[in-house]
K.L.:
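Once you've had a glance at the structure underneath, I'll fire off some questions.
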There are 2 protein chains.
Amino acid sequence: MREGPDIARIASLVGDPARANMLNALMGGTALTASELALEAGVSLPTASSHLSKLMDGGLLTLASQGRHRYYGLASAQVAGMIEAITGVAEAVGPKRVRPGPRDAAMRVARVCYDHLAGEQAVAMLDRLFDRKLLLREDNQIRLSSSGASHFTALGIETRAKARRPVCRACLDWSVRRSHLAGTLGAAILDKIIAEKWARREKDSRAVVFSPKGRQAFERVFLA
Amino acid sequence: MREGPDIARIASLVGDPARANMLNALMGGTALTASELALEAGVSLPTASSHLSKLMDGGLLTLASQGRHRYYGLASAQVAGMIEAITGVAEAVGPKRVRPGPRDAAMRVARVCYDHLAGEQAVAMLDRLFDRKLLLREDNQIRLSSSGASHFTALGIETRAKARRPVCRACLDWSVRRSHLAGTLGAAILDKIIAEKWARREKDSRAVVFSPKGRQAFERVFLA
DNA sequence: CGCATGGTTCGATCCTTATCGAAGCATTCC
DNA sequence: GGAATGCTTCGATAAGGATCGAACCATGCG
């Protein structure tokens, strides 16, 4: 018998598939609600709730209650780092679960991150929005500039904050390792992309596939 | 449902207490046999064997067969890094499993590491044995010098290698983070310490407590 | 104040798996 | 060739925990 920190306790928390999926989903940095995480993990709401309380007890998550919504997020960068380390080993020793190929590549280019766009396209977009001063960095937050507000309104994109959810928020991109845009604005932009049929969501995947014309339109509007 | 590397599979391997103890024991970098790991984990040999085959299947361990001994070791530095990351989180979010206090302090000073001495005293001893040229470093191994052989024989300590177990082996100290002496010589030295009643083992603990006179004797013989 | 929605708790079920004793295989020692 | 040692496999047992439906709280909406 050995002593020391209880690594089995922590590892077994990550060792359940449902919980692992939840943690994976939270790796993007965006806090999610219990229902969203239940969906992500493919379990019922009571099951998810049970898992979430275990993760809370284990100190792996933080909880922010906002009205009747409860947002779960990773407790710390240290926890995120641990999950990355485990992911690294899993990748190294795997057989991979996903069939590698076009879908994986498509995911890196553009995918849905909860309700907004992620991937190379999304990261590039955020960069350009800063360049054009439509968005402004403000002490680690993102703010919509007045020119940005009119810009998006002109595009028919609502920029109103709703129910405590911020308009703009940075979200760390899993594949690119840099930030992309979340928040209601991020969600509204994704809505527009889908509504305008610039792109469509792959079935049973997070991948977002642009049509040739759609890509041109997207680049004209957001990457110009 | 999400995709990606199967992190739950890896984490659940570490998530069993017996396996976690084994992995912890292997973190020193020394490969150990199934029996040693069974002892370390506090389970029976069949149970340990079952765990070891699971860890092998998971790609976390390597196996080196030498005659009828089978030495298990960590598969890679990446695996070790993962365990460190998990340990870090466990330490951060813990409550520690060990009650802190005198016993913990005693453990850091001197404790049993399977069949040899570990802790500050053991690390200091190995340093001195090198200084006195009783032991020699030889391409990452430890060798007994001729003067060392006669020295230990004079003390009534057998230095014969038995059944492929090396006389001298370095073992990374958990608390000091430096090497102490394992192998048959390390075991024989611990035997002598106990036989001479210089120290006694704490009940249900790995701590080794020296008597005042015993400490003097130990210092005279090994730390002079 | 009712009603809808988001979450948690409870209870029962079911399945996985950790565990050990006994037996079996392999290797080395005498 | 036995005998001993190191280790694995097999079989049976038991315990933990993941799961879901139903019922139960809490918040927000009309």
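Chain letters run A, B, ... following the sequence lines, proteins first and then strands; every chain starts at 1.
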K.L.:
Extract all donor-acceptor atom pairs below 3.5 Å that involve side chains of residues 48-57 of chain B and protein atoms in other chains or at least two apart in sequence.
P.N.:
residue	atom	partner	partner atom	Å
B:His51	ND1	B:Arg19	NH1	3.0
B:Ser53	OG	B:Ser50	O	2.8

K.L.:
Check whether B:Thr47 reaches the backbone of B:Val43 with its side chain - one donor and one acceptor, N or O, closer than 3.5 Å.
P.N.:
no

K.L.:
Write down the protein N/O and nucleotide N/O pairs, taken from nucleotides 11-13 of chain C, whose separation is under 3.5 Å; answer none if there are no such pairs.
P.N.:
none

K.L.:
Counting C-beta onward and ignoring hydrogens, is there a side-chain heavy-atom pair between B:Ile157 and B:Asp191 closer than 4.5 Å?
P.N.:
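Not touching, per the 4.5 Å side-chain cut-off.
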
K.L.:
Quick one: which of C:dA18, C:dT8, C:dG6 gets closest to the side chain of A:Tyr72?
P.N.:
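So the nucleotide nearest the side chain must be C:dT8.
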
K.L.:
Is there a side-chain contact between B:Phe218 and B:Glu196 (heavy atoms, below 4.5 Å)?
P.N.:
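Counting from C-beta outward, B:Phe218 and B:Glu196 never come under 4.5 Å.
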
K.L.:
Does B:Leu134 offer a backbone N or O that forms a donor-acceptor pair with the side chain of B:Ser145 under 3.5 Å?
P.N.:
yes

K.L.:
Can you check whether B:Arg70's main-chain N or O pairs, donor with acceptor, with B:Thr33's side chain at less than 3.5 Å?
P.N.:
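Checked: no pair found.
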
K.L.:
Give a yes/no on whether any side-chain N or O of A:Arg19 is located under 4.0 angstrom from OP1 or OP2 of D:dA18.
P.N.:
yes

K.L.:
What pair of heavy atoms forms the shortest contact from A:Ala75 to A:Thr62, and how long is it?
P.N.:
CA-CG2, 3.6 Å

K.L.:
If every non-hydrogen atom of A:Thr153 is compared with every non-hydrogen atom of A:Ala149, which pair is closest and at what distance?
P.N.:
OG1-O, 2.6 Å

K.L.:
With a 4.0 Å heavy-atom cut-off, tell me which residues in residues 44-52 of chain A come close to DNA chain C, sorted by residue number.
P.N.:
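Under 4.0 Å from DNA chain C: A:Leu45, A:Pro46, A:Ser49.
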
